[in-house]
Amino acid sequence: MDKISIVVPCYNEEEALPFFYKEITEIAKKMDYVEFEFIFINDGSKDKTLNCLRELAINDERVRYISFSRNFGKEAAMYAGLKAATGNYVAVMDADLQDPPKLLIEMYDILQKKEYDCVATRRVNRKGEPPIRSFFAKMFYKIINRISKANIVDGARDFRLMTKQMTDSIISLGEYNRFSKGIFGWVGFETKWLEYENVERVAGKTTWSFWKLFLYSIDGIIAFSTTPLVISTLMGCLFCFLAIIMVLVIIFKTIMYGDPVSGWPSTACIILFVGGIQLFCTGIIGQYIAKTYLEVKGRPIYIVKETEKNVKND
Ligand code: UDP
Ligand code: MG
């Protein structure tokens, strides 16, 4: 019998968890031809999420949980869940029911045919999202697909069901700066995309502010492309070229028309502009060095404080 491990990162989800658990167990009942395992990751929640998970684990032997010592972020939570999964199929889902559990039935059927290694989901609309956020999201996907090899699909969610083989290859990318949307694409394998309409979260609030998403997108670009470095190099070349032309023009003008002192405002503008570009490029390089620094330190991606074994044994 096949076994599906469902990995659910949870950060302050005490309100959404009961709904989620109810729906997912209903689906599990419908899919009685497979075994299930639910792995919840408590990502340092500040509310009663952990209590809720302890209770679920005591009452349902399929429920497992991993509780972090603090908030390490969704990426770390997914990584921990994928590592802990024991099923021969692994799914990643949000706790807020924005990923409809009923799709699992279809996903499993598709994987059964062995043509695909992974069934992933993307939303076809961004209903209920501020327009400015949609605009920046679209820009991000356009840019990153131009400049990186990881094929990152617009509107792709993290919700997916994949084979153990693919899960293992994702785990083998043990980088500290994790950008799952990129990693999923980078490892390859055959992925089938299911489309669905955006669903609003069932309870609780999203923790992703616009600013957090913006920084996340920059992380994504840095993690999967070195094109910004090339751009800064090219910009340097361009400015050197412009400078040479300007020097030639000035020499020519001085010889032809003498040397009246003028052009202060333009000089100041040029100095400011070039200075700005230099700082910008240094900043880009700095981003890569910072990421390299974090990577080289080799710190663990997450720290576990408690798992279901703590409550199931006694
Ligand atoms: N999440 C997490 N750690 C965090 C932030 C979020 O584990 O630091 C989880 C959260 O509990 C949810 C999922 O990641 O299950 C998606 O978060 P959210 O619904 O806030 O994001 P959105 O759906 O708005 O992209
Ligand atoms: Mg959500």
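Computed from heavy atoms alone, side chains included, the values below leave out hydrogens, waters and symmetry copies. Remember, it's 1-based here, ligands and their atoms both numbered in the order they're listed. Fair warning: this is a prediction, and the values are worked out from it, not measured in the lab. FYI, the numbering just counts along the sequence from 1.
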Which ligand 1 atoms, with their elements, are less than 4.0 angstrom from a heavy-atom of D94? 13 (C), 15 (O), 16 (C), 23 (O)

Starting from atom 25 (O) of ligand 1, find the nearest protein heavy-atom neighbour and note its residue, name and distance. W208 CD1, 3.9 Å

Pick whichever of D99, N42, N12, D43 has a heavy atom sitting closest to atom 3 (N) of ligand 1. D43

Close-contact set for ligand 1 against E13 heavy atoms, below 4.0 Å: 10 (C), 11 (O), 12 (C), 15 (O)

Who's the nearest protein heavy-atom neighbour of atom 1 (N) of ligand 1, and how far? Y11 CB, 3.7 Å

Shortest protein heavy-atom distance from atom 24 (O) of ligand 1, along with the residue and atom involved: T206 OG1, 2.8 Å

Side-chain H-bond candidate by donor/acceptor type, R146 with Y141, under 3.5 Å: no

Could you tell me which atoms of ligand 1, counted from 1 in the order shown, lie closer than 4.0 angstrom to a heavy atom of C10? 7 (O), 11 (O)

Rounding to 0.5 Å, atoms CD (E14) and OG (S45) come to a distance of 9.0 Å

Which residue supplies the protein heavy atom nearest to atom 8 (O) of ligand 1, what is that atom called, and how far is it? N71 ND2, 3.1 Å

Pull out every atom of ligand 1 sitting under 4.0 Å from any heavy atom of D96, numbered as shown with elements. 19 (O), 23 (O)

Looking at Y288, I want to see if its OH is surrounded by more than 12 non-hydrogen atoms of other residues, nucleotides or ligands under 6.0 Å. yes

List the closest protein heavy-atom neighbour of atom 14 (O) of ligand 1: residue, atom name, distance to the nearest 0.1 Å. K74 CD, 3.2 Å

Can you confirm whether Q165 is buried at CD, in the sense that more than 12 heavy atoms of other residues, nucleotides or ligands lie under 6.0 Å from that atom? no

Say you draw a straight line from CZ of F280 to OG of S232; how long is it, rounded to the nearest 0.5 Å? 8.5 Å

Mark yes or no: R133 above the aromatic ring of F135, with NZ or CZ under 6.0 Å from the six-membered ring centre and no more than 45 degrees from the axis. no

Determine, considering heavy atoms only, which of M78, E75, Q98 sits nearest to atom 22 (P) of ligand 1. Q98

Distance filter under 4.0 Å to G73 heavy atoms, resulting ligand 1 atoms: 3 (N), 8 (O)

Shortest non-hydrogen pair, R54 vs Y65, comes out as CG-OH, 3.3 Å

Are the ring centres of Y293 and Y176 closer than 6.0 Å? no

shortest atom 5 (C) of ligand 1-to-protein heavy-atom contact is with T207 OG1, 3.4 Å

What I want to check is whether the side chains of Y302 and E75 have a donor and an acceptor closer together than 3.5 Å. no

Only residue of R157, R122, R123 satisfying side-chain hydrogen bond (donor to acceptor under 3.5 Å, both in side chains) with Y196 is R157

Using 2.8 Å as the cut-off, count the protein N, O or S atoms closer than that to the Mg ion (ligand 2). 2

Please round to the nearest 0.5 Å and tell me the distance separating atom OG1 of T167 and atom CG of L161. 8.5 Å

Going by heavy-atom distance to atom 9 (C) of ligand 1, choose the closest among S45, A16, A95, P9. P9

Below 30° counts as parallel, above 60° as perpendicular, anything between as tilted: where do the rings of F38 and F40 land? tilted

Considering only protein heavy atoms, which is closest to atom 18 (P) of ligand 1, and at what distance to one decimal place? R201 NH2, 3.4 Å

N42/Y11 under side-chain hydrogen bond (donor to acceptor under 3.5 Å, both in side chains): CA gap, chis, key distance, verdict: CA-CA 6 Å; N42 173 34; Y11 178 58; over 6 Å; no

